[in-house]
Structure formats: structure tokens, C-alpha cells
K.L.:
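A single structure is presented below for examination.
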Amino acid sequence: MAFFAVFQKTLLLAFLSWRTFQSEVLAEYVSLTPESLKVSTNSTCQCLQLQWSIHELPHHQELKMLFQMEISRVKPSNVIWVGNYSTTVKRDQVLHWSWESELPLECATHFVRIQSRADDAKFPELSIWSNWSSWEEVHVQHSLGPNTLLVFPKNKLVEEGSSITICYISGINHNNITCYLHDKLIYGVQLDSKASAFKLNNVPFIRKSGTNFFCEVNQTDIKSGATFFVSKVLEEPKNFSCETQDFKTLKCTWYPGVDTGLDWNIQPSQSYTLFESFSGKKQNCKHKNSCNWKITQDVQETYNFTLTAANYFRKRSANIIFNLTHRVHPMAPHSVRFQRLGATPVLMSWKVHALGNYLTLQCQVELQGDGEVIQQHSVDMKVNGKLLFGELVPDTEYMARVRCANAKHFWKWSEWTVENFTTPEAAPSEAPDVWRTVKSENRSHIVTLFWKPLSKLHANGKILFYNVVVENLDKPSTSELHAIPAPARGMKLTLDQCSYRIHITANNSVGTSPASVIIVPEDSGNRTEEVEEERIIGKEDGFFISWKPQSGDVISYVVDWCEPHQDLFCNLQWKKLGPNTTFSLISSDTFRPGVRYNFRIYGISTKKTAYLLEYKTGYSQELAPLDSPQVAIANLTSRSFAMTWKDYSTESQPGFIQGYRVYLKARARQCHPGFEKVVLSDDSVYCKYTIDDPRKKTFVVENLQPESSYEFFVTSYTGAGEGPNGTFTEVTTPDEHSHMMILIILPMILGVLLTMLSCYWKSDWVKEKCYPDIPDPYKSSILSLIKSKENPHLTIMSVKDCIPDAIEVINKPEGTKTQLLETRKPVTENEVTKPVYLYLLPEGKDSSDPGPCICFENFTYNQSATDSGSCGHVSVPLEEPPCQLGLLPSPNNLLKTLEKNYMNSLGEMPAEETSLSYVSQLASPIPGDKDSLPTNPPVPAHCSEYKMQMAVPPCLASLPLNENSSHSSMTL
Amino acid sequence: MDLRAGDSWGMLACLCTVLWHLPAVPALNRTGDPGPGPSIQKTYDLTRYLEHQLRSLAGTYLNYLGPPFNEPDFNPPRLGAETLPRATVNLEVWRSLNDKLRLTQNYEAYSHLLCYLRGLNRQAATAELRRSLAHFCTSLQGLLGSIAGVMAALGYPLPQPLPGTEPTWAPGPAHSDFLQKMDDFWLLKELQTWLWRSAKDFNRLKKKMQPPAAAVTLHLEAHGF
């Protein structure tokens, strides 16, 4: 084994020695090492551009060679890329090769070296790598200032989704440098002490003005940045197609997709180029979505187009191949004409732009009326097209439109060409629908004719007038013609009691319609009195009306009714029905709830005479009555009363009145027999009586209590409910004997009144006779007695001869005619009659004057009036006894006390008691004795003086005089 | 008070002098030129209008440039914009400027700025932006004409551009687009500052030209009244 191992090593060494020898020999013989290597930079494409040559090629003019390049960054040992390049090399040829760097070349020093070998099978002995060339160092940025910050690359253009590496170089500490992409902070990788790099993968498109990368040195104004542009990825043109309208130009269109253009002249929008392979022609398109291709005169049938979109990054293509005749898109037809061939047929003609004689077009023609397609036709043609429209309605506007396409190879329809036309008028095709009403007045028939306007389908033009021919059947020679201008819808005729036939026709500018015929017989045919009214109930969709079938000669039926207008004018409506019909649903949008509709069913005989068959009335929907009856009371007794509402109209209500309801307020929650108790929500109780006969408009309430009040309310009701709530009317029953009392009391009152009246009239006479004011002494019986017995000379003193010395003034509330000196003020509770001073002698004289004078001085009134300030309006406490007299210390006090008592008692006295008795006090002959109470009767004196008059309360006044005087003397 | 012959002659001379100068009093000169006052006012109004217009335009344009140019506190170095006329000036220097110099500086600044602005318009890609810039250029041209009118009214000659100093807008191929954006930023900023300064300049001029009544008094006082 050891021997074997030694032998193997020896062999290996020998082989290696041989290889080394051979290489050295070849190297010496053929020098394939690249020489004159020069490296330049291109910042725009971030490329290292290598240039070298092989000076001596052994024996050959040309040799296929393989070159290997090594590229290092920052330092030679940091190899970042190794690659091969194969080419055929000529003798002394300068070779070029370029390498694009991801990193901007400005940010790092690059080193390049190259080696080569022959790559030719003919010279296998030369397939040995040469020596490496020496490292070539590449600097783009040579000098860098201390406060410099530079960002690279400048104006770089990349495609969306690709990668880009951005870097900066700066002599500043990189920790103080902050960088932003667009507006976001990003962090890079430091390449060396001066450079940092940021690799951005899958860059997005943000804006056409570029994406900004921005760096700044913290706490300084040093800022720098770079803008790189991201192009959108070019899309393939979509929906690429070409067509011709005139065989002169092909118009090719497509959807271009996104615009990849960028601002600042970085990249224009993508360009489009059209290439036709058969002709080999190429055309740059001016628009981004269409291109016009001129068809040459030598007719080329087939075209193979390639549309190519291109920008700086890529090219995208779309291809179509087609036959020209299969891509014909005709222009819209023109010169559309209409020729009227009569009332309804119309011939339509049109033309299309010439497309060559070999092409047949198929045209689609549509006829529309009122927005709907009526007819649709297909016409094959070359240049001129024609089509006849039939079955058209006269006097109608139509719209015709036409479009064409290649008949054999359909590609696209042309645009529509639209034209309108109107058909001419024709005579009306149907007789107007006519109906009538007949009223008999004063031996004549007033016939009102109504007709409905002809439908557009039957009018065939504008109806100008209606002709009404009235033919007297009894006198065939006489007939009248009335021309009623449209749009009248009726007329009134006054006819005598003959039979008439009336013809009604509608006329337009072309002709006359068939006539409608109505016969008005002698008896008018109404038969109203023979036909009974029948009530019907309407439904939501109208009135269902049926009638008995008529045997014999009825050729049709007519149902008519009135639709009341706002002005209550009858708008006659009718419906004509066939002879076998016995019912109909009369429906109308104008039927309103609460309105009564009267339907008359007529039969039309073979002689065109109409006879009233049935008469029906009803409401489409009944409503509750609008008002309640106004009730009057009659026959009011102590036990009953009657209610009546004769004036209540049942016909004017919005429903059929079915009866009435009488409501009576319950007494003690009890109802009369026959009444129904109704308890309302508010717990009030009513008694209800229902009258189910609408004609019964009287109701008697019986079994009532005398001298009691009752409240009642009457309302009507229909199928929809009762009338509106009203107020209750109150009725009071009288007393049972009240009438007897009236019979007795009334004559008594009358008698008393008569007596009083007669007394009043003869009062003076009675008074004079019975109780004169001043009795006549001459008439006194006493006088005659004296005269006869004692003194025959005795005469009677005349009052006129007397000189009064005192006058007693008496205050009497009920004054008489003779009371002249009293005031007649009414006396109230707190009011005292004003006292009167009566001076019979002149004032101003001293009371001591011995002249013949009479002087009244009333201290009581004087002082009290002065003290109180008013005439007796003095309030007195009630608890103070009015008649109390106490001990008085002095006369002055006594006076005051008396005054006080007097005033107090005045305040307490009722009005009736104010007729005070004034006791006249005669002054004593001695002036100083005025305070003494007189006990003697008054004696007339020559010169007397009235002192104080005392008003004595009734209680005092009623005291006996002696008591009074003794009491007074005791006090004094 | 008695008048002597010498006094009469003196008064007559004064009266003649006053009458001679009456046409120069603006308040009395109704038929002639109203003076530079109205045109100064118009120029002032135009600067305020342009200031408002530029605020909107700058917002749109800086948004078009993208961040960081549209950020409110962005303040890039004035690298390529050194050639732009500076509006900022020391306050004392500004106060000491006479009317002619003040107007000349305004005229020269806007001439340069208008030229740069037109270059900006050429490279803007958005149609709407181009329209706004063109409109602003027209307005700025109007302001330039208005300043020239004021200078002519005051009798000042228009500054002649020195040959070779005509500003050009020719970004070279090596010019960075980022730097170009910074220049655009500075152009708009300087324009704004110039419009502020012009408003102050013309306000000052306006006040200076205002008091017409005082002119009579001053004139008469100068003649010994």
C-alpha cells in the first residue's frame, strides 16, 4: 500500500510539473492578456465603460475569445461582480464593454480587472485563461468639502415595481444625517466613512413630477436631495380594430391604457406606431388612441396590422389581420324622403354613400308612432333604398329611422338617420256617439243632444264641425240643418210634439262621418211616472247595474247618468250596450263619495226610439249625514211632549237616510221603556230610541214627571253612520195644577190692578173727602156745639192772622206735596238728614238784643258738624250701648257726653229710625239758666231765644218726662 | 398803515410769483395731469392683488413639487437661486432709499422674476398649472408696466438691462431636478417677499405724494409770506 501511495504522489507531481511547463511555454508564446484597459463612467446610466485590446493574436486574423471581468467596490478585495463576455476579436481591435452599477458611481470607488482566453474549438490549446490585468480604479467624485452633502443619482428614471439604490456622500458624521423618502424617514446602509446607500425595492409611482429623496444634517442648514422618476409600466393596447367607411381610409382605434409620460421632460407619453406587414408600410400615430391609414388605389384586400406602443423601457404590441370588406362600417344614410301615395300608404326612400358596386348593404327601417315601434323592415340595397309603409293612420305623425350594414359580412351598423312625417287626413270613419235628454214643456219637447268627440283613430283629422239634421217624420218634407262648430259637444233643440229623426255627423277637412240617428217620438219615451226608483249600492270600482232583459225589438241598451259639476250642471254620461246585455259595471274616475248618482236604463228599439226601462239611484260610497234635524217641540204637557222635524230634507244628504235616533239624557241612569241605555266613555248615560222609518219625522216622549226638565237630541243616520253630534235641547214639563192656578189668580190680579188704578185716579177726591190736610173748622161739629152753648161770638182764628213764634221742623222721609222746606234726599243707612236752619228774622243781630226777634241756634248741629266734618257720617263701635248715661263731672262734660252719645247713637240708627222727634226747648227768661232742664210747658215770650235742640234717641224719647227730669236733676 | 411805493412793487412781485406757480399746485390744476398719485395707488393695489394670487398659485405649485417642498417649515439652502434678486434688505438701508432707487430696484427685480417665472411655466406639465402660471405672468407683466408708468410720471428713466446680464432659464443636463425644484421654491418665495416689500414701498410713496394742500402753503412760505 505504501508503495502504491508513493507512486501516486510521484505521478501527480510529475503531471503538475508538466502543466506548469506547458503554460509557461504557451504564455510566452501567445500573449492573450487584455491590454490598454481603460475605464470611463457615464453618470446618466451609472455605467462603467471598459475599453481594451488584444495586441497580438497568434497566427490568426480573428479569434473567438472569452473575457472575464471582476469588479470590486471600495477596495479591490471587495469583489461585487464577476462576469464573462464572449466575442470574436480581430487583431489590434479595441474592445468595449459596459457594466451598469446599481449603486451610483459617485458614492464609491470601483476597481475593475479583466482576463481572457480563447473560446475557439479549433484552437483548444489556447483555451487557457490569461493573466489578470492590473486593477483599474474608478473615481467619479474627486473632491468633497468638509460640509458637503451630496445625494445621488440625479434624475434617475425607473419603472414602477423595479429597484433603485440611492446614496449620499458627506464628510459629516453620518449619525447626524437624516434622510426622507417622499415624506417618510428612512435608514440606509453605510458603505464607508463617507457614503451611505438606500436600496428601494418595488418602487411605486407617486406623481409625474417625481419622487423626492431628501437628506439634511441635523441642527444645520445643510440639506440636499435627489428626485427620481418612476414610470408606470407600459400596457398592451387593447381592443385594437380597424374599419373603413368609404374604402379610402382605414380608421384604427384602440384603448391605450395608462399614460407612462412623466413631467420635466423625463419621459414623454408612450408613442404608437402602426405597421402593415403586407405592404411593409409603417406610420407613426398622432393620437394615442386612433390612427388613420390611407388605402392605396391598388386594392389590397387583406391587411395585417401591428400596433406597437413604446416608451423608454419597453414596447408592447397588438396585431390584427382582416379582409377589408369585412370591416365596413357604413356612414349614416342620407336624403331620406317620404312620398304620400294616398291617405295611408307612404313610400320612404333614402340613399347611402357609395361603397363600390360590389357591396350590398342591408338596411334596417323602423317606424315609430307615439314612441313605440310599429313596424320594422329589412331592405337590401346598393345605393338607393325604398320602402312602402302601409296600414298607417291618417293625420298621424310618425318617426321613421334607417341604418345600414354590410349585408354579406356584417361588421357594424351605421348610425341611425331619423326623419318624421305626417299622414294626410281622411274622412272620419265612425259616427259620433250621440245621446240625448228629452224634457216635455208646454206641449213641446226640449231635446238636448250630447255627443262624444271622436277618438283620434276614428276622427282621421281635425273635426271642424258637426252637422245636425232634424227631420220631422210627420211632415217628411221639412227638415232643418244645424252646423255646430267643434269643439262643441252638444246642442239644445225645441221640438213640437211630432216625431223627429235626428242625424248627427262629424266633419273634417276631407269628409263626413257616418251619421248617428236618434228618434224622438211624440211621447218623448221617458215614462218616468211608470218606472220606480230602485236603490243600488256602489262599490269602489263603480256601480254594478243590471236590468230585466227586454223581449222583442230592443237592438241596444243605453245607461245614462249625470256627473254633477261644481256648478251643479249635469254633465251627461252614457254607455251603450249590446242587445244581449243585461248588466254592466259603470265605472268612472269622477265618481265621488257622498254624491248621489241617478242611472236611467233605456232600451233602443229597432225604430231607433229610446224607452226608459229602469231607474236606479245610489252612492258610490255613502257618508254620514251632514246635519241633524232641527227639532221643534209640540204638545208639551206635564207628562209628555212631542218632537217634530218636518223640514228635515233626506234627499240632500250624502247617503240614504235610514232613520233617526232620539237621545234623551238619562235621569238616575234609568231609561223609559222602549229606550235603549247607552253608556259613553265618559260614563255619561243616554237613552236612545231608534226610528227606522226615514219618513217618520215625529216622536212623542211620554211618561214624564211634571215640573221636570229633560234634555234630548235627534240625529239621522245612513249606512255610513249617524249625523254630527249636536247640542241637547232642554224641555221642562209644567206643573200638573198650574192651569187651575192660572184660572183663579189671573182674574184676581186684574181686579186688584183695576182697583188700584181707580184709587189713584180719585185719590185727591177721596183725600179731600175723608182726611183733608187742614180740617175745616167750620165744618167741625165741635164748633157748632160751642157756638150754641157757650159763646155765640166766638170766631175762628184765621191762620193768616197768626204770627208764628216757633216752627217745628219734622224730618219725614215720605214727603208730601205740601212739604216745602224739607230736603228730599233719600236716607241711607249711614246718612242723616241734613238739618235745616230757618231764619225768620234777619241775621247779624245779637241774641242779647232786646228787639223783637226770634233767633234759632242749634248747637247740636253746629258743633257736631264741625267736629265730625260731615253730616252724621260717624262710625260708632257696636259694643258701645247707645243709651248709656253716666255721671258727668261738669256741664261742659255733660254736653260733650251728650253730643258724643248723640253722635254715637246716630251712627247706629237705622234709616227708618232717623225720623227724629225734635223737642223744642224754650229758652228761659234768665240768660244764665240755660243749662237747667225745663219742666214747664213752653211759654211764649216777647224776645225769646232758642238754645240747643237735642236730638233724643227713641229710647230716651220714650221715657216718661218725669223720670227724665228727675234723673237730670240728680245728675246736676 | 400807509403804503409806500416800494411796498406796492414788492406785493405785485409776490402776486406775480404766486400766479406763476399756481399751475403747479395739484389742487388747482384741474385740466392737466393728475400726477403720479393715482398710478401709485393702482400699483399698490396691484401688488396686494398679486400677493393674494401668488398665495394660491404657490400652494398649488409646491404641492405639485411634492414633499418636502410643500411642508410649511421647509427652508432649503439657496443654492441655485443666488441669481434671484433678493427682496430682504436692512431696514435702515430701505428707509434711506430715495424714490428713484426704490422704484428702480422694484422694476429690476420684477423684470428678472418675470423671466424666471416664464421658465417655470415652460416646464410645468399640468395644463391647469400652466394656465395659472400664465395668468400670474400676465398680472406680473401688468405690475411691471405700472411701475414703469409711475417712474415715467415722476420723471425717472427706466433702467436699461446690461448686455449679457439677461437672466436665462436653461437647466443643463447635469442639473439636478431636485435642485431645480429648490430653485422654483426660492423663486416663489422671493416673489412673495418682493410683493410684500413693494406694498410697503408704494404705500410709502403714496403717503409722500398725498398732501396737495400743503404745497400752496409751502410755496407761499418760501416766498416770505
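Residue numbers start from 1 in every chain, and the chains themselves are labelled A, B, ... in the order their sequence lines are given, proteins ahead of strands.
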K.L.:
For A:Ile266, is it the side chain, the backbone, both or neither that has a heavy atom under 4.5 Å from a heavy atom of chain B?
P.N.:
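Contact with chain B: side chain only.
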K.L.:
When you check the side-chain N and O atoms of B:Glu51 and B:Tyr49, is any donor under 3.5 Å from an acceptor?
P.N.:
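There is no such pair (donor and acceptor under 3.5 Å, judged by atom type) between the side chains of B:Glu51 and B:Tyr49.
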K.L.:
Does any backbone or side-chain atom of A:Phe228 lie under 4.5 Å from a heavy atom of chain B? Answer side chain, backbone, both or neither.
P.N.:
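Interface part for A:Phe228: neither.
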K.L.:
Can you confirm whether the side chains of B:Ser198 and B:Tyr110 place a donor and an acceptor under 3.5 Å from each other?
P.N.:
yes
K.L.:
Checking heavy atoms, do the side chain of B:Asn63, its backbone, both or neither come under 4.5 Å from chain A?
P.N.:
backbone
K.L.:
Judged by modelled atom types alone, do A:Lys223 and B:Asn75 share a side-chain donor-acceptor pair under 3.5 Å?
P.N.:
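Not at all, the side chains of A:Lys223 and B:Asn75 share no donor-acceptor pair under 3.5 Å.
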K.L.:
Any chance CZ of B:Arg48 has more than 12 other-residue heavy atoms, nucleotides or ligands included, within less than 6.0 Å?
P.N.:
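No, not enclosed.
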K.L.:
By a 4.5 Å heavy-atom criterion (distance strictly below it), what part of A:Ser43 contacts chain B: side chain, backbone, both, or neither?
P.N.:
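Neither part.
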K.L.:
If you count heavy-atom pairs under 4.5 Å between each of A:Asn212, A:Asp183, A:Thr211 and chain B, which one has the most?
P.N.:
A:Asn212
K.L.:
Check whether the side chains of A:Thr308 and A:Ser317 place a donor and an acceptor atom closer than 3.5 Å, and report yes or no.
P.N.:
yes
